[in-house]
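Structure, as structure tokens:
Computed from a prediction, not measured in an experiment: that's the story for all the values here. Below, chain A is the first sequence line, B the second, and so on; all start at residue 1.
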Protein chains: 2
Amino acid sequence: MDLDLRKLRYFVAVAEHRNFGRAAEQLYITQPVLSRQVRAFEQELECTLLVRTTRSVELTAAGKQLYEEAQGILASVAAAVRRVNDVGRSVQRLVVAFSPGLHVSDAIRAFTRRHPQVRTDVVPTRWWEQDAPLRDGRAQVGYLRRPFDDSGLHTIPIGHEPRVACLPAAHPLACRGELTSADLADERMLDTPTRRTSSLEEKFELIASGHGVALVPLSVARSYSRPDLVHLPVADVPGIETCLVALADRREKLLRDFLEVATTTLRNA
Amino acid sequence: MDLDLRKLRYFVAVAEHRNFGRAAEQLYITQPVLSRQVRAFEQELECTLLVRTTRSVELTAAGKQLYEEAQGILASVAAAVRRVNDVGRSVQRLVVAFSPGLHVSDAIRAFTRRHPQVRTDVVPTRWWEQDAPLRDGRAQVGYLRRPFDDSGLHTIPIGHEPRVACLPAAHPLACRGELTSADLADERMLDTPTRRTSSLEEKFELIASGHGVALVPLSVARSYSRPDLVHLPVADVPGIETCLVALADRREKLLRDFLEVATTTLRNA
DNA sequence: GCGATTGATACCCTGAAGGCATGGATCTCG
DNA sequence: CGAGATCCATGCCTTCAGGGTATCAATCGC
């Protein structure tokens, strides 16, 4: 019933590595200790979390559930501790979440000029749950790309960018100048938000190794260019909208100021 | 950085009792241990949380912040642990939050008839943050009275009830049959959501002891009748709306079923 | 000034957390 | 098939955080 966060962190490490030895190494403890702690954790929860064979470690349904829960718990706890520290030191802070490929430095610089006493920070979001840092309290404002779950969020559209097709350089279509969606009809698309492709790097790796192609926002294509991939404009796919986002029920002056500064900055850009 | 939940609980107990001895008693530990643990906690956070004199304990700004944060953290952690346990035992559960005075037993009984395998549970809400159990994951559906913060919530109005005036039995107006808002113009109203009156019982206690009067929903007046208070209809105050509420982004079948069963049940009632 | 109240300090003890050595099971490869 | 590699579990030892008792020190009320 008491749930020790240390043991929760231990479990998370094992869940991520699927391997006690390497998880222990990352935690700077020895493997036997980790085995014992995780087993004790399971007994406390009265619930089996892992299926161990001598060769592999797998998560049970409960283990998967706990792993999901743990993400949010640990993130919220860390954010809460930092907020308490900020209050204790009379520090004002604004954290900006941003989706891969988007740049917020201009807005932050402009905001810092106007509010030099406010510390700013940024946190990257994972593209299949872009709203998570806002909802769990890690960030107060986000700079996100649609689509995302906007329930309870205040959104300000600030831009629209085309999407380009990303293909392996060796692909037959790669030498063409511009494509249409018809050209891509037979290709395997990697756009669906499956959690398999957890990072953009992983997605590009899959594309480069021939597992499929994808449509990506132009800014992403610019940021992650690599020699074994080509990016080609596609005539008839809709672009994608970028938004400034904040929790709808937040009314702090700092937040409103940032939204104002950011919209003007980004409009001038 | 590591934040021990045990110490967090210790701090919360002290913050609530404003007294080490009584907090220790509630925690089933001794006072010296509690003093040491809380001080160690402050050192870990590198942040003073309490101002102690030999006669009193007060919260610093950081302490207040942490106390607020701790509410959510501990509630979410407990809810998460229970969800993990439910998954581990293949238990399906639905938790219904309800505001003071509302009765959900009919809906729950009807739902249980249709889904006998689903465990149901209820959690009371505090009237000044009725949406909290939904947002922190303790409950999946709520039966709340407006006004509440409905951003990101899916709401289904299910009823409208009049409000009645609650007065001390000894009050000059208490012998009148019906009032108008003009009659109450000179009275001190206890309706504003100040956190001073944390429970309805406390509110009624204040009224009975002559600190003011209040407008309360009829169902609340019925539930909490006591000899030293009278409830009188007021001709010209608007009634209050009751809603079934769920997080807007939730689509679980169980939840949708409950909403359906509940709306029909409540409409027949 | 005196007792009551309340938080802090000193000192001790127990048990949980960590380390090391090693066992036992399974996979890989010659 | 046998040898080695890999990986989790177990046994045993050590350390220190967490808890207990006794007591001190400061403040309030009378």
Side-chain angles (χ1 to χ4, degrees), chain A residues 1-60 62-64 66-67 70 74 77 81 88, chain B residues 1-60 62-64 66-67 70 74 77 81 88:
Chain A
M1 189 54 186
D2 222 13
L3 193 77
D4 183 352
L5 284 192
R6 179 196 293 122
K7 286 177 181 156
L8 185 60
R9 282 182 242 271
Y10 286 1
F11 164 75
V12 166
V14 175
E16 283 175 348
H17 285 94
R18 297 263 195 298
N19 177 316
F20 279 79
R22 273 188 286 282
E25 193 173 353
Q26 178 200 297
L27 294 168
Y28 298 103
I29 61 175
T30 59
Q31 170 266 317
V33 171
L34 185 56
S35 286
R36 247 181 305 144
Q37 292 293 314
V38 171
R39 189 166 294 280
F41 191 43
E42 289 179 297
Q43 283 167 2
E44 283 171 24
L45 291 176
E46 296 176 332
C47 192
T48 304
L49 302 173
L50 300 170
V51 179
R52 314 143 167 82
T53 71
T54 51
R55 303 300 294 173
S56 72
V57 176
E58 294 301 326
L59 294 180
T60 64
K64 284 184 190 133
L66 182 60
Y67 181 67
L74 295 176
V77 166
V81 168
Chain B
M1 186 55 182
D2 220 14
L3 192 77
D4 184 353
L5 284 192
R6 180 196 293 121
K7 285 177 181 156
L8 185 60
R9 282 182 240 272
Y10 286 1
F11 164 74
V12 167
V14 175
E16 282 175 349
H17 285 94
R18 298 267 198 291
N19 177 316
F20 279 77
R22 273 188 285 281
E25 194 173 353
Q26 180 202 296
L27 294 168
Y28 298 103
I29 60 175
T30 58
Q31 171 266 317
V33 171
L34 185 56
S35 287
R36 244 186 307 143
Q37 292 292 316
V38 172
R39 188 166 295 280
F41 192 42
E42 290 179 298
Q43 284 167 1
E44 283 171 24
L45 290 177
E46 295 176 334
C47 191
T48 304
L49 302 172
L50 301 169
V51 179
R52 315 143 166 82
T53 72
T54 52
R55 302 300 294 175
S56 73
V57 177
E58 294 300 327
L59 293 181
T60 63
K64 284 184 189 130
L66 181 60
Y67 180 68
L74 295 176
V77 166
V81 168

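For the OP1/OP2 pair of D:dG20 and a distance below 4.0 Å, the side-chain nitrogens and oxygens of B:Y28 include no atom meeting the criterion. Phosphate proximity of D:dC8 to A:N19: present, with a side-chain N or O under 4.0 Å from OP1 or OP2. Contact annotation: A:T30 side-chain N/O to C:dG19 OP1/OP2 distance is under 4.0 Å. A sub-4.0 Å separation between OP1 or OP2 of C:dG7 and a side-chain N or O of B:Q31 is absent. Using a 4.0 Å cut-off, no side-chain N or O of B:T53 falls inside it from OP1 or OP2 of D:dT27. Residue B:K7 has no polar side-chain atom (N or O) positioned under 4.0 Å from OP1 or OP2 of D:dA17.
When each of D:dG18, C:dG7, D:dC8 is scored by its nearest atom to the side-chain atoms of B:S35, the top-ranked nucleotide is C:dG7. Ranking C:dG7, C:dT6, D:dT10 by closeness to the A:P32 side chain, first place goes to D:dT10. Residue B:R6 places its side chain closer to D:dG18 than to any other of C:dG18, D:dG18, C:dA8. Distances were taken from every side-chain heavy atom of B:V57 (C-beta onward) to each of C:dG7, D:dG20, D:dA9; the shortest belongs to C:dG7. Here the side chain of B:R36 is nearest to one of D:dG19, D:dC8, D:dA22, namely D:dG19. Each of C:dA8, D:dT10, C:dG19 was ranked by its minimum atom distance to the side chain of B:F20; first place goes to C:dA8.
Look at CG on A:L34: it is 9 Å from P on C:dG18, rounded to the nearest Å. Protein atom OH of B:Y10 is 8 Å distant from nucleotide atom C1' of D:dG19, rounded to whole Å. One interatomic measurement links the two molecules: CZ of A:F41 to C1' of C:dA17, which rounds to 16 Å at whole-angstrom precision. C:dT9 atom P lies 14 Å from atom CD of B:Q37, rounded to whole Å. What separates CD of B:E25 from P of C:dT5 is a distance of 13 Å, to the nearest Å.
Formation of a donor-acceptor pair under 3.5 Å by the B:E42 side chain with backbone atoms of B:L49 is found in this model.
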